Structures are given as structure tokens and as C-alpha cells.
*Asks:* 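Once you've had a glance at the structure underneath, I'll fire off some questions.
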Amino acid sequence: MIIKPLQASHYLLQMEALARRLPTPHTLKDTITSKAKRLRAGYIGEASLEYPLQFLPQQTFLIFYNVRLKNEYDYFQIDILIVSANFILIVEVKNIKDHVIFDEMGQAIRISDHKKEAFTHPMYQINLQHTRFLRWLRQHNLPPVPLEKLVVYTNPKTILKNLTNDEKISDLIIHKEKFLEKLNLFQEKYTKYCLSEDEIVQLSFRLTSSHITKRINVLEKYALKEQELIRGVLCLKCYAAKMYFHYGTWRCNSCYDQSKIAHRYAFSYYALLIEPYINNRQAREFLEISSPYMMKRLFKKENLQSIGSTSGRKYKLEVIRT
């Protein structure tokens with residue numbers, strides 16, 4: 001049973017919005033676009049595990065996606081947490097298509113286009129997640145339960161090489177195709193119930209109530225100003241041009257695509273990058289609409305929740321999750 005479903009994170013949506021709203025010549029355009037693509041790849045990797053996970057008995061396993069918790073020192077996030085009465089499984093998901101080599105020096109080396117790059121060894125990463133989650137359980141006086149962990153590479157093109165034949169690496173780091181097989185092995189290993197039904201409910205409530213969504217000011221993080229962002233309603237198809245509004249429809253001069261809802265994405269970008277509330281003047285400036293009456297009609301069409309009255313009225317914007 002899925003308790004906390006998978007959805008694109010707020011931070012992912014922020015980075016994608018920023019990548020789309022920065023002009024091409026900007027010095028940070030490539031850096032931010034690359035970061036957004038990595039975050040999206042991670043989300044796609046997690047989504048690819050939804051298929052094998054659906055074969056698990058719903059009454060036996062509880063599934064939590066992207067739980068972000070706080071311990072004594074900082075925050076940590078678990079890609080997928082699988083809870084049963086017998087054991088808990090921590091899953092770290094990797095979605096890359098390059099070769100990954102684990103050498104005798106304890107290094108993880110990524111080979112892409114004949115280039116080698118060292119990065120954090122996923123075994124150390126998952127061990128740290130294990131330690132942090134164990135401390136979190138103790139911090140909240142939750143009952144002890146066996147903790148298992150896996151690093152799952154979801155891209156079928158990824159080639160994993162364990163040069164030292166270290167069994168710990170082979171046991172912890174697997175391809176997606178072996179995921180259900182490993183889960184079955186854990187079920188065979190842990191036959192004793194460690195959590196009662198009430199304790200599972202308590203743990204589930206604690207996990208969902210303790211989850212803290214990562215929300216940051218991305219403009220501040222990258223020392224950017226609102227004035228540096230591209231304004232207007234961007235084409236949803238080509239992203240190469242702004243759209244203009246004509247007889248109730250947004251039209252693109254570049255690819256000639258048409259849309260009646262393109263302004264919703266502009267509102268969403270504003271909420272992600274600037275603030276979740278907007279007034280008529282701010283909306284006209286950001287969407288590049290001259291008429292306050294036309295802007296008022298768009299607000300009315302979207303039936304947005306508002307606060308304040310007359311000139312002080314602001315509308316609460318909704319974030320589009322894709």
C-alpha cells in the first residue's frame with residue numbers, strides 16, 4: 001500500500017522553472033539546466049520502480065516515496081522506504097546510463113563519453129542513510145526493527161563493474177531487474193514479526209507527519225534577481241518564444257502552437273520562483289499583459305483563492321506538478 005505517493009518534488013519544479021525562465025546567454029543557464037535534468041532523471045528513476053512495487057502484497061508492505069526527515073543535526077531524504085511488520089527497507093535510487101566502476105580504493109568512477117569522473121560511493125551513501133534513519137527511529141522512541149538497504153540502478157543501459165568482487169558491494173548495489181528477487185530474500189530472512197499493527201500505524205503516522213518538504217529561495221541561492229527572468233507566457237511546445245493572447249487563445253509565433261491554459265504555467269513559475277501570491281499589477285508585469293481588465297478575467301477564469309480587497313487583493317497561485 002502506498003502511504004506517501006511519488007510526485008515531483010518542489011525543488012525539482014523550482015529548478016526546472018528557473019532553467020526555463022533564464023535567458024540563453026545567462027552565465028548560469030547551463031549549470032541550472034544541468035541540475036534540473038539530474039533531478040528529473042532521479043524522479044524518472046524512482047517512477048520506474050512503481051511497476052515492480054505494485055506486485056508487492058498491499059497489506060504486507062507500506063511504501064513511502066521521498067521522505068525527508070530531520071535528525072539532531074540536519075535533514076536527510078530517503079528515496080523509497082518500504083515498511084513491513086518484519087523489516088524495513090531503505091532504497092536509494094540511481095538513474096544514470098553511464099558505466100560505473102567500483103575499484104579497490106573504495107572509489108566509484110563514472111565513465112561517460114571516454115571521460116572518467118569520481119563521485120560519492122553509493123555504498124557509503126546508503127550506509128549513512130541507514131545510520132541516520134536508525135537514529136531517527138530511536139529519537140522518536142519507535143520500536144527496534146531490522147533495517148535493510150539497497151542501491152538500485154534503474155537505467156537498463158548502466159553497466160556496473162565491481163573490480164574487487166567485494167560481496168558487500170554486490171549485495172547492496174543492484175540493477176532494477178533484481179529488485180523483487182532481493183525483496184523476496186529479505187522476506188525469507190525475516191520471518192518473525194517485529195512490529196504490531198498498532199506500531200506500524202504509529203510509525204506510518206510519524207513518518208508522514210515528520211516529513212518536511214524542501215523549500216528554498218532559488219533566486220537567493222544563485223544570487224539572481226527577479227529582473228533577470230524571462231517574462232511573458234512561454235510556449236508549452238517549443239519554449240523558443242513567447243505567446244500572445246488573441247480571442248481567448250495563446251498563440252506561438254515560432255511553432256504556431258495554440259493553448260488556452262498557457263498562462264497557468266506562467267502563474268506556476270511565478271509561485272515557484274518568486275512567491276505564491278500575486279496581485280493584478282505583478283501578474284500583468286510578469287505575463288506582459290497591458291490590460292488590468294484582461295488580467296482580472298484570467299484570474300476569474302482560474303477561480304483562484306484571493307485575500308484582501310480592491311487594490312490590495314492578491315491571488316493564491318497553484319503549482320503545476322508534472
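Quick caveat, the model's predicted, so the values are computed rather than measured.
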*Asks:* So, do Tyr265 and Tyr239 have ring centers that fall under 6.0 Å from each other?
*Replies:*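 Ring-ring flag for Tyr265/Tyr239: false, centres at least 6.0 Å apart.
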
*Asks:* Between Thr208 and Lys4, does any side-chain donor sit less than 3.5 Å from a side-chain acceptor?
*Replies:*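 Thr208 vs Lys4: no donor-acceptor pair found between side chains.
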
*Asks:* Is it possible for you to check whether Arg231 lies under 6.0 Å from the centre of the six-membered ring of Phe286, through NZ or CZ, and within 45° of that ring's axis?
*Replies:*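 Pair Arg231/Phe286 does not count as cation-pi.
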
*Asks:* Name all residues meeting the ring pair (Phe, Tyr, Trp, His ring centres under 6.0 Å) criterion together with His140; count only those two or more places apart in sequence or in a different chain, and write none if there are none.
*Replies:*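 His140: ring pair (Phe, Tyr, Trp, His ring centres under 6.0 Å) contacts with Trp136.
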
*Asks:* I'd like to know if the side chain of Glu302 reaches the main chain of Phe299, judged simply by a donor and an acceptor atom lying under 3.5 Å from each other, with no hydrogens or angles considered.
*Replies:*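 Between the backbone of Phe299 and the side chain of Glu302 there is no qualifying donor-acceptor contact (under 3.5 Å).
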
*Asks:* Can you tell me if Ser268 and Arg264 form a side-chain donor-acceptor pair at under 3.5 Å?
*Replies:*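 No, no side-chain donor-acceptor pair sits under 3.5 Å.
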
*Asks:* Tell me which pairs pass side chain to side chain donor-acceptor pair (under 3.5 Å) where either residue lies in residues 44-59, with sequence neighbours left out.
*Replies:*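 Listed by first then second residue: Glu46-Asn66.
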
*Asks:* Scan Lys214, Arg132, Arg68, Arg135 and name whichever one has a salt bridge (Lys or Arg N to Asp or Glu O under 4.0 Å) with Asp74.
*Replies:*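 The option that passes is Arg132.
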
*Asks:* State, to 0.1 Å, how close Ser259 and Leu236 come at their nearest heavy-atom pair, and which atoms those are.
*Replies:*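 Shortest heavy-atom separation between Ser259 and Leu236 comes out as OG-CD1, 3.8 Å.
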
*Asks:* Backbone N or O of Lys316 within a donor-acceptor pair of the Gln305 side chain at under 3.5 Å?
*Replies:*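 Pair absent, no side-chain N/O of Gln305 close to backbone of Lys316.
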
*Asks:* Can you check whether Ile320 reaches Leu13 side chain to side chain, under 4.5 Å on heavy atoms?
*Replies:*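 Heavy-atom side-chain distance check fails, nothing below 4.5 Å.
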
*Asks:* Could you go through Ile63 and Met1, starting from their C-alpha distance and side-chain angles, then the distance that decides it, and tell me whether this counts as side-chain contact (heavy atoms from CB on, under 4.5 Å)?
*Replies:* CA-CA 6 Å; Ile63 301 168; Met1 180 186 300; over 6 Å; no

*Asks:* Mind checking side-chain hydrogen bond (donor to acceptor under 3.5 Å, both in side chains) for Lys242 and listing every partner two or more places apart, or none if nothing turns up?
*Replies:*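 For Lys242 the side-chain hydrogen bond (donor to acceptor under 3.5 Å, both in side chains) partners, ignoring immediate neighbours, are Glu288.
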
*Asks:* From Arg38 CZ over to Ile96 CD1, what is the distance, rounded to the nearest 0.5 angstrom?
*Replies:*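 The distance works out to 12.0 Å.
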
*Asks:* In terms of the angle between their ring planes, are Trp250 and His263 parallel, tilted or perpendicular, with boundaries placed at 30° and 60°?
*Replies:*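 If you compare the ring of Trp250 with that of His263, the planes turn out tilted.
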
*Asks:* Given 3.5 Å as the limit, does a donor-acceptor pair link the side chain of Ser204 with the main chain of Ile200, or not?
*Replies:*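 Here the side-chain-to-backbone pair exists.
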
*Asks:* Checking Glu148 against Tyr190: is there a side-chain donor and acceptor pair closer than 3.5 Å?
*Replies:*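 Distance-only check passes for Tyr190 and Glu148.
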
*Asks:* Quick one: does any side-chain atom of Asn280 pair with a main-chain N or O of Pro292 as donor and acceptor, under 3.5 Å?
*Replies:*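 Judged by distance alone, yes, a pair lies under 3.5 Å.
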
*Asks:* I'd like to know if the side chain of Thr191 and the backbone of Gln187 have a donor-acceptor N/O pair within less than 3.5 Å.
*Replies:*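 Looks like no, no N/O pair under 3.5 Å.
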
*Asks:* Verify whether one side chain among Gln139 and Lys70 offers a donor that lies under 3.5 Å from an acceptor in the other.
*Replies:*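 Lys70 and Gln139 do not have a side-chain donor-acceptor pair below 3.5 Å.
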
*Asks:* Are any of the side-chain nitrogens in Lys149 or Glu92 under 4.0 Å away from the carboxylate oxygens of its partner?
*Replies:*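 So Lys149 does not pair with Glu92 through a salt bridge.
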
*Asks:* Taking all atoms of both residues into account, what is the closest heavy-atom pair of Ala262 and Val233, and its distance?
*Replies:*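 Closest approach of Ala262 to Val233: CB-CG1, 3.5 Å.
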
*Asks:* Does either side chain, that of Tyr256 or that of Arg251, offer a donor lying less than 3.5 Å from an acceptor on the other one?
*Replies:*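 No - no donor-acceptor pair under 3.5 Å links their side chains.
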
*Asks:* Look up atom CG in Asn95 and atom CG in Leu49, then write down how far apart they are to the nearest 0.5 Å.
*Replies:*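 That separation rounds to 9.5 Å.
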
*Asks:* Which of parallel (below 30°), tilted (30 to 60°) and perpendicular (above 60°) describes Phe102 and His121?
*Replies:*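 It falls in the tilted class, 30° to 60°.
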
*Asks:* Could you check whether any side-chain N or O of Glu199 sits under 3.5 Å from a backbone N or O of Ser196, counting only pairs where one atom can act as donor and the other as acceptor?
*Replies:*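 Checking the backbone N and O of Ser196 against the side chain of Glu199, a donor-acceptor pair under 3.5 Å is found.
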
*Asks:* Answer yes or no: are there more than 12 heavy-atom neighbours, outside Lys314 itself, under 6.0 Å from its atom NZ?
*Replies:*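 Check passes, neighbour count above 12.
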
*Asks:* For Lys168, I'd like to know if atom NZ has over 12 heavy atoms of other residues, nucleotides or ligands within 6.0 Å.
*Replies:*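 No, the 6.0 Å shell around NZ holds no more than 12 heavy atoms from other groups.
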
*Asks:* After noting the C-alpha distance and the side-chain angles of Lys161 and Asp103, does the key distance pass the salt bridge (charged side-chain N to carboxylate O under 4.0 Å, His left out) rule?
*Replies:* CA-CA 8 Å; Lys161 290 186 178 181; Asp103 69 9; over 6 Å; no

*Asks:* Within this structure, what is the CG-CZ distance for the pair Leu69 and Phe64, rounded to the nearest 0.5 Å?
*Replies:*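 Answer rounded to 0.5 Å: 10.5 Å.
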
*Asks:* Looking only at heavy atoms, what is the nearest atom pair of Met295 and Ile289, with distance?
*Replies:*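 That would be SD-CD1, 4.1 Å.
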
*Asks:* I need the Phe61 CZ to Leu89 CG distance, nearest 0.5 Å.
*Replies:*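 Going from CZ on Phe61 over to CG on Leu89, the span is 8.5 Å.
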
*Asks:* Verify the neighbour count for atom CG of Asn217: are there more than 12 heavy atoms of other residues, nucleotides or ligands below 6.0 Å?
*Replies:*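 Count over threshold, so yes.
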
*Asks:* Would a single hydrophobic cluster contain both Tyr293 and Leu298, if residues Ile, Leu, Val, Met, Phe, Trp and Tyr are joined by side-chain heavy-atom contacts under 4.5 Å?
*Replies:*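 As far as the 4.5 Å side-chain criterion goes, Tyr293 and Leu298 are not connected within one cluster.
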
*Asks:* Give the cluster check for Val152 versus Leu160: same hydrophobic cluster or not, with ILVMFWY residues linked at side-chain heavy-atom distances below 4.5 Å.
*Replies:*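 No; tracing contacts between hydrophobic side chains, which count when under 4.5 Å, never links both residues.
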
*Asks:* Of all heavy-atom pairs between Ala271 and Leu317, which one has the smallest distance, and what is that distance?
*Replies:*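 It is CB-CB, 3.9 Å.
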
*Asks:* Does Phe179 form a side-chain contact (heavy atoms from CB on, under 4.5 Å) with Val91? I'd like the steps, not just the answer.
*Replies:* CA-CA 10 Å; Phe179 184 53; Val91 182; 4.0 Å; yes

*Asks:* Applying side-chain contact (heavy atoms from CB on, under 4.5 Å), run through Val100 and Ile109 and close with a yes or a no.
*Replies:* CA-CA 6 Å; Val100 181; Ile109 301 169; over 6 Å; no

*Asks:* Can a donor-acceptor pair be found, under 3.5 Å and without considering hydrogens, that links the side chain of Glu228 to the backbone of Lys225?
*Replies:*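 Answer holds: yes.
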
*Asks:* Give a yes or no on whether the backbone of Glu167 and the side-chain of Asp171 come within a donor-acceptor separation of less than 3.5 Å.
*Replies:*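 Here the side-chain-to-backbone pair does not exist.
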
*Asks:* Taking all heavy atoms of Phe87 and all of Val145, pick out the closest pair and write down the distance.
*Replies:*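 That would be CA-CG2, 3.9 Å.
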
*Asks:* Is there a side-chain contact (heavy atoms from CB on, under 4.5 Å) between Val151 and Ile126? Walk through the geometry before answering.
*Replies:* CA-CA 7 Å; Val151 178; Ile126 195 69; 3.8 Å; yes

